[in-house]
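Here is the naming used below: chain letters follow the sequence lines, and residue numbers restart at 1 for every chain. Computed from heavy atoms alone, side chains included, the values below leave out hydrogens, waters and symmetry copies.
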Protein chains: 2
Amino acid sequence: MSTPQGARARARTEVTVAIKEAARRQLAEEGAAKLSLRAVARELGMVSSAVYRYFPSRDELLTALIIDAYDSLGEAAEKARDTDPGAAPVPRWTAVCEAVRGWALTHPHEYALIYGSPVPGYSAPETTIRAAARVGLVLIGIVRDAHEGPGLATLPLPAALRPEGERMAADFASGLPAEVAVALTAAWAQLFGLVGFELFGQFHKVVEDREAFFRHAVTGLAHGVGLR
Amino acid sequence: MSTPQGARARARTEVTVAIKEAARRQLAEEGAAKLSLRAVARELGMVSSAVYRYFPSRDELLTALIIDAYDSLGEAAEKARDTDPGAAPVPRWTAVCEAVRGWALTHPHEYALIYGSPVPGYSAPETTIRAAARVGLVLIGIVRDAHEGPGLATLPLPAALRPEGERMAADFASGLPAEVAVALTAAWAQLFGLVGFELFGQFHKVVEDREAFFRHAVTGLAHGVGLR
DNA sequence: GCGAATGCAAGAGCGGTGCTCTCTTTTGTG
DNA sequence: CACAAAAGAGAGCACCGCTCTTGCATTCGC
């Protein structure tokens, strides 16, 4: 799976990561819309057609960047979760949320790539799905720990949503009550609403002290899923 | 302000709206990334350089579409608010939220244009800000009505966020308590997090009964701002 | 060890894009 | 009616994604 020996293969993976690095640099500077395969080739001193030996199309290159971005964000979230494993549920939750926000603020174009409009057309390959789930899994883990530890303050679930909640719990939140699975999914989406609004300028002239506002809002999200 | 007489001016506005219509059609079919001024010109039977007499650049055309989209969404929200003015606060709130969701589902590319990544680079002219505020104003109005009527169940605000909340209330939520202004702003962002996640495919294999889930989630948002 | 198969870079080229010029035609108005 | 302003037409520039063919190097099978 890793470098399968051969000097040739080694050179290939090296060029591949060089292309991704140059592309990521362009992405950070100009945004996804301006990312151009030809410019990447120029930066690497090769001709544009050579890049197609490594990525069959611009969209494939973008997809690779998307997966890397999901991984990077997921790693940031996991790191925040693990820095103080003994902390109470709510601080752990807010720490992860703030890590997500921090990553988004330092990688705005990459964030836009994965949580903004799907720019490369409509390609969401299965490979991206696993990567996309990492942040969600971190949040689930915190809530599960709380459920098995100090317990959760659950809210009632309307009857119409009960089967959906049972399915959710079975699918990706095993061990958690249905109403928590539903609340958690909503909080997950709402977290990215907060981050996206700040990042995309919707809070311009609306929220000034973004840090404090965010902390307060995600604390509210934590309470919404039953953490105390 | 409207058509200043002259047949020439009339023709100009006609061509202008024709260009916008063609552009909106392309936007709906292909998305913002594929929207091309030359294709618009082709569809209208004119040469590409002629379009530049009406819109100085592709970005300006996109900006016009953005403003129209904000207006269209705001109108949908206002319509939902006005259909049953005597209803209780929570149903009024959820009706507006569902109107936002419905508009987003029927105008996905336009929604992506205004709440996805800012595609035309980084242009957020002042003119768009007024248009962007309409949905927010609808939500504020509902909460204000409830505040002056049945009252709100407010939650405490951390001391660090009190000045921010006071400023918010003074700026755009006059008559509402500071903690409600803060909660309202958070709910506003969270609403679009829910809509965006559904629209951009993050709920794929996660949420099945989207309608019921959304209704439940926005009811939670309503409670979060103090509506009962 | 050597020829053949394979991998890779280079270059030219196609159709498309945004945008800018110049030139001509149309048209409203003094 | 004449003239100036507005609008359209066309060519052209630099860039884009992508394809194809052509040489060259490396690797593999015999």
Side-chain angles (χ1 to χ4, degrees), chain A residues 3-20 22-27 29-66 109 113 118-123, chain B residues 3-20 22-27 29-66 109 113 118-123:
Chain A
T3 39
Q5 292 162 339
R8 190 132 215 178
R10 170 177 296 275
R12 178 170 184 87
T13 66
E14 265 176 27
V15 175
T16 304
V17 309
I19 291 175
K20 283 208 287 186
R24 195 161 14 244
R25 194 154 40 238
Q26 282 196 21
L27 176 63
E29 282 168 11
E30 304 273 7
K34 302 268 185 180
L35 192 154
S36 126
L37 243 150
R38 289 177 110 114
V40 169
R42 264 195 306 273
E43 185 173 327
L44 267 58
M46 51 167 96
V47 82
S48 75
S49 60
V51 179
Y52 283 85
R53 298 266 171 202
Y54 299 87
F55 294 93
S57 76
R58 178 182 179 273
D59 282 10
E60 294 277 343
L61 176 55
L62 270 180
T63 301
L65 294 184
I66 287 175
H109 285 115
L113 196 60
V119 32
Y122 267 126
S123 65
Chain B
T3 40
Q5 291 161 342
R8 190 133 215 179
R10 170 178 296 273
R12 179 170 183 85
T13 66
E14 264 177 27
V15 175
T16 303
V17 310
I19 290 174
K20 284 208 287 188
R24 192 159 19 242
R25 195 156 39 237
Q26 282 196 21
L27 176 65
E29 283 168 9
E30 304 273 7
K34 302 270 186 179
L35 192 155
S36 131
L37 240 143
R38 290 176 108 114
V40 169
R42 266 196 302 274
E43 185 173 327
L44 267 59
M46 50 169 90
V47 83
S48 75
S49 60
V51 179
Y52 284 84
R53 299 270 178 207
Y54 298 87
F55 293 93
S57 77
R58 178 181 180 275
D59 282 11
E60 294 277 344
L61 175 56
L62 270 181
T63 301
L65 294 183
I66 287 175
H109 285 115
L113 195 61
V119 32
Y122 266 127
S123 65

Send over the distance from Ile19(A) CD1 to dG17(D) C1', rounded to a whole Å.
-> 15 Å
Please confirm whether any donor atom in the side chain of Arg38(B) sits under 3.5 Å from an acceptor in the base of dG16(C), or the reverse.
-> no
Between dT20(C) atom C1' and Tyr52(B) atom OH, what is the distance in whole Å?
-> 9 Å
Whole angstrom is fine here: how far is it from CG in Leu61(B) over to P in dG18(C)?
-> 10 Å
Identify whether any heavy atom of Leu35(B) sits under 4.0 Å from a base atom; if not, whether one sits that close to sugar-phosphate; answer base, sugar-phosphate or nothing.
-> sugar-phosphate
Measure the distance from CZ on Arg58(B) to P on dG16(C) and round it to the nearest whole Å.
-> 17 Å
Report which part of the nucleic acid Phe55(B) touches: base, sugar-phosphate, or nothing (heavy-atom distance under 4.0 Å, all strands).
-> nothing
For atom CD of Glu60(B) and atom P of dC19(C), their distance in whole Å = 10 Å
To the nearest Å, how far apart are Arg42(B) CZ and dG15(C) C1'?
-> 10 Å
If you find the nucleotide of DNA chain C closest to Arg53(A) and the one closest to Ser48(A), which residue's nucleotide is nearer the 5' end?
-> Arg53(A)
Starting at CG of Leu37(A) and ending at C1' of dT17(C), how long is that distance when rounded to a whole Å?
-> 16 Å
Would you classify Ser49(A) as touching base, sugar-phosphate or nothing, given that sugar-phosphate means primed atoms plus P, OP1 and OP2, and contacts are heavy atoms under 4.0 Å?
-> base
For Leu44(A) and dA10(C), give me the distance from atom CG to atom C1', rounded to whole Å.
-> 15 Å
